[in-house]
Amino acid sequence: MASHPVVVIGAGPAGLTTAYELGKNSSSSLILEAGKQVGGISQTVNYRDFRFDIGGHRFFSKVPMVTELWNEILGDNFLLRPRISRIHYNQHFFDYPLKATNALAGLGVVEALLVCFSYARVKVFPNAQEENFEQWVINRFGYRLYQIFFKTYTEKVWGISCTEISADWAAQRIKNLSLKEAVRNALLGQRGGKKGEIVTSLIEQFHYPRLGPGMMWERCEELVAGFGSQTLKGVKVERIRHRHGRVDCVSARASSGEHLEFEGSDFVSTMPLRELIQAMDPQPPEKVVEAARGLRYRDYLTVVLVVNCEDVFPDNWIYIHSPEVKMGRIQNYKNWSPYMVPDPSRTSLGLEYFLWDKDDEWTWSNERLIEFGTRECAQLGLINPRDVEDGTVVRMEKAYPVYDHHYQDHVQTIRQYLGTFSNLQTIGRNGLHRYNNQDHSMVTGVYAARNIMGGSHHDVWAVNTEKEYHEEDRTASANAGDRIVPMRVQVNVDELSMGNEDELIEIVFAKLDPVALGVAVGTVSGLLILIGTAILVLKGGPVVGPNLSLLGNFLFGFQVTWGGSIVGFLEGGIGGFAIGYSGASLRNWSMKAYAKFMWWREEGNRRRNLLD
């Protein structure tokens, strides 16, 4: 039995970052990787010198420490790449991030009008609760836009209804993005959101390794080896033996079938929580085992097509919202980096399918999947099937932890059990059952290493619990890593001080966003005048629109003509914006005044009770 100071299970971004951080501080480790390649879901697969990702990985982070690590590991091998991505829906391509003219052309004037009405309605009458993905998105985009741009794609990815998906997945993945932010981006460009913060979903350029993200982790493996640590690939951990609140060793099986055991002083696991609990020896209490069984994972399959065509489409990737095909997204690896293909006259495409391992497609042969993917790609009008020269398939099990309504309780039960061990930490996407990005997984690895080295304690469960999301639920507990579901809060007026009427209005009454309501009312007003004028002009006659022409008394230069329709659209939009903005501001002011009155009344009652 081999003994090592630290045993790390999994050589993905979290596990390798742990080993790297330990190595920089003169601590060696042993990394056990079940696959043939390092990088986990961030690996780059090489097929006949065509390289491709497992999903595509932008290198963009708000965490300076991560950016420094990336540059430290990979040096000058980063490319700065423009982001080009679109949404395919109803035979149209929509630019993403949103561009106003493109969205209007794709949706049509009538649908765009209905989107604005829907958004205005939800701003005035929002969902009182935000317990699931559907409610969360509708409150920020309106029902019509949710149906078009969120529902179909999200249910493709997760394989369950949007009402079954927890609201905190939306908050974690979509974060600050709302229709207001999307419209601001469309009209003014990328200038950041609140307080200048960049909305991650809207970034327009990013860094990318020259040979894909796997280049980062293959280089990291080399650096870790230079620190005296070792990475064993093709070694799957089967048992984790423990006693008296400490892990003694792990039992594993090599791809050759050889049985191996490794002792250590500390253990760091990136295994899926379900597998980790099932591997514990002795077995955990039954309620912990049941909680582990309740965790679900979405599996991922990509069909790679080699196409005899120099330029297929300009995008890095396209989201496929069209319900008539099963494909969820398509990557153009050549547009991520020109070095991903060996021949510039060829293009490699990655057709992404999100499945359960019990789905029929998961067990289809590679040949059948390539044929199926080619047919769907041609159905969307993206390629000519005759241009497909070659292809391959890559499957990735447990790629995405599922955020259903029950996962919070399951994870909390497991977390309490794991907290009884003094030398075991779980990190990374699957180790925390949290849909972390690569950078967040790396932060958990750094924290785990620093916990082992001593000094201050870092809570790996608190990584990627965004401040702006905490502010939406003021009942958040001290356990920042727990699932947080925004909901209406019961407020005790006694607990609020005189200076907190702003806080009171935010908690008791949902504030209307004056800018958002102004944009919605302005857009609706302008479009109504534009459409009404256009109809009358097309109708014609000796006297055109005598009643509508009365608007000329209120809108300078307005007439029932084509030129007047543009004037009406612009001035009606400005006037509608002013009305919406003023109405929302007045409503917020009146609610604030009402909150202050309620406080005064409660304060008076307290004084009377005191005298009594």
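Every value quoted in this text rests on a predicted model; they were computed, and no experiment measured them.
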Say whether, by atom type as modelled, one donor and one acceptor occur between the side chain of K156 and the main chain of R329 under 3.5 angstrom.
no
For D390 and V306, indicate whether the former's side chain and the latter's backbone hold a donor-acceptor pair under 3.5 Å.
no
[X]-[Y] aromatic ring centre distance below 6.0 Å:
X	Y	result
Y208	F78	no
W158	F354	no
Y146	F141	no
F94	F149	yes

Between [Y] and [X], is there a side-chain donor-acceptor contact under 3.5 Å, judged purely by atom types and distance?
X	Y	answer
E275	Y297	no
Y353	E361	no
T152	H321	no
W217	Q43	no
E130	N139	yes

What pair of heavy atoms forms the shortest contact from [X] to [Y], and how long is it?
X	Y	value
W362	D357	CD1-O, 3.5 Å
A14	T444	CB-OG1, 4.0 Å
K233	V38	CD-CG1, 4.0 Å
L295	R274	O-NH1, 2.9 Å

Should the pair H410 and H406 be assigned to parallel (<30°), tilted (30 to 60°) or perpendicular (>60°) ring geometry?
tilted
Run V312 and K334 through side-chain contact (heavy atoms from CB on, under 4.5 Å) and show every step you take.
CA-CA 10 Å; V312 177; K334 183 179 182 179; over 6 Å; no
Output the distance between atom [atom1] ([X]) and atom [atom2] ([Y]), rounded to the nearest 0.5 Å.
X	Y	atom1	atom2	result
Q230	E221	CD	CD	10.0 Å
K151	E155	NZ	CD	3.5 Å
L301	L369	CG	CG	5.5 Å

